[in-house]
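Input: a single structure, listed below in structure tokens.
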Amino acid sequence: MKSIAALQAVVTATPFDGEPSDAELDAIEQEMPLILAEVDLLDAHIMTIDRPATELDNQRLRRARRRVMAARRNLTNRAAGLAQSGGVA
């Protein structure tokens, strides 16, 4: 029978503290406008689940979709700009 004591150092070599790194937090902060726009779109969809959509609901959905697309465009352009300037995307 093999002992796992020899493998313990390999398994516990890098302790995980459960917190995101600074780079991960920066990435989340960069994507926050898109995340918030997607939450607004989801809220607009949820409002129309149990009833027919009114004209106001349709306008709300269109605005939310436009905000998501604009946030995606801005995020993509920012990443492309960083890649062209030699930064990390």
Side-chain angles (χ1 to χ4, degrees):
M1 180 154 79
K2 285 178 130 181
S3 172
I4 63 168
L7 299 176
Q8 184 177 7
V10 175
V11 173
T12 59
T14 55
F16 178 67
D17 63 359
E19 298 293 324
S21 68
D22 288 339
E24 291 169 330
L25 289 174
D26 289 341
I28 292 169
E29 186 175 336
Q30 292 293 321
E31 294 178 9
M32 190 54 68
L34 176 58
I35 294 168
L36 294 175
E38 288 176 339
V39 168
D40 288 342
L41 179 58
L42 181 61
D43 286 342
H45 278 292
I46 289 171
M47 292 172 71
T48 62
I49 286 177
D50 61 344
R51 61 182 168 81
T54 64
E55 184 57 35
L56 182 62
D57 292 329
N58 290 330
Q59 289 176 0
R60 186 177 292 120
L61 285 165
R62 283 193 301 269
R63 276 195 306 269
R65 285 188 194 110
R66 283 194 301 267
R67 280 193 297 264
V68 168
M69 294 304 290
R72 285 181 183 165
R73 181 194 63 224
N74 293 341
L75 189 61
T76 301
N77 289 342
R78 186 178 307 132
L82 286 175
Q84 288 179 353
S85 67
V88 177

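Side-chain atoms are counted along with the backbone in the values below, which use heavy atoms only and exclude waters and symmetry mates. Since this is a predicted model, take the numbers as computed values, not measurements.
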Can you name the side-chain hydrogen bond (donor to acceptor under 3.5 Å, both in side chains) partners of [X], sequence neighbours left out?
X   : answer
R78 : Q30
Q59 : none
R72 : E38
D57 : R51, T54, R60

Please identify each residue that fulfils salt bridge (Lys or Arg N to Asp or Glu O under 4.0 Å) with [X], with sequence neighbours left out.
X   : result
R62 : E55
R66 : none
E24 : none

ask   = For L42, which fellow cluster members are found when Ile, Leu, Val, Met, Phe, Trp and Tyr are connected by side-chain heavy-atom distances below 4.5 angstrom, either directly or through intermediates?
value =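 Via sub-4.5 Å side-chain contacts, L42 links to I46, I49.
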request  = Linking directly or through intermediates, with side-chain heavy atoms under 4.5 Å: list the remaining ILVMFWY members grouped with L34, chain and number order.
outcome  =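 L41, L61, V68, L75, all in the cluster of L34.
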ask   = Tell me, which pairs form a salt bridge (charged side-chain N to carboxylate O under 4.0 Å, His left out) where one or both residues lie in residues 25-34, sequence neighbours left out?
value =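 Matches after skipping sequence neighbours: none remain.
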ask   = Taking atom CG of D22 as the centre, does the number of heavy atoms from other residues, nucleotides or ligands within less than 6.0 Å exceed 12?
value =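 Not buried by this count: 12 neighbours or fewer within 6.0 Å.
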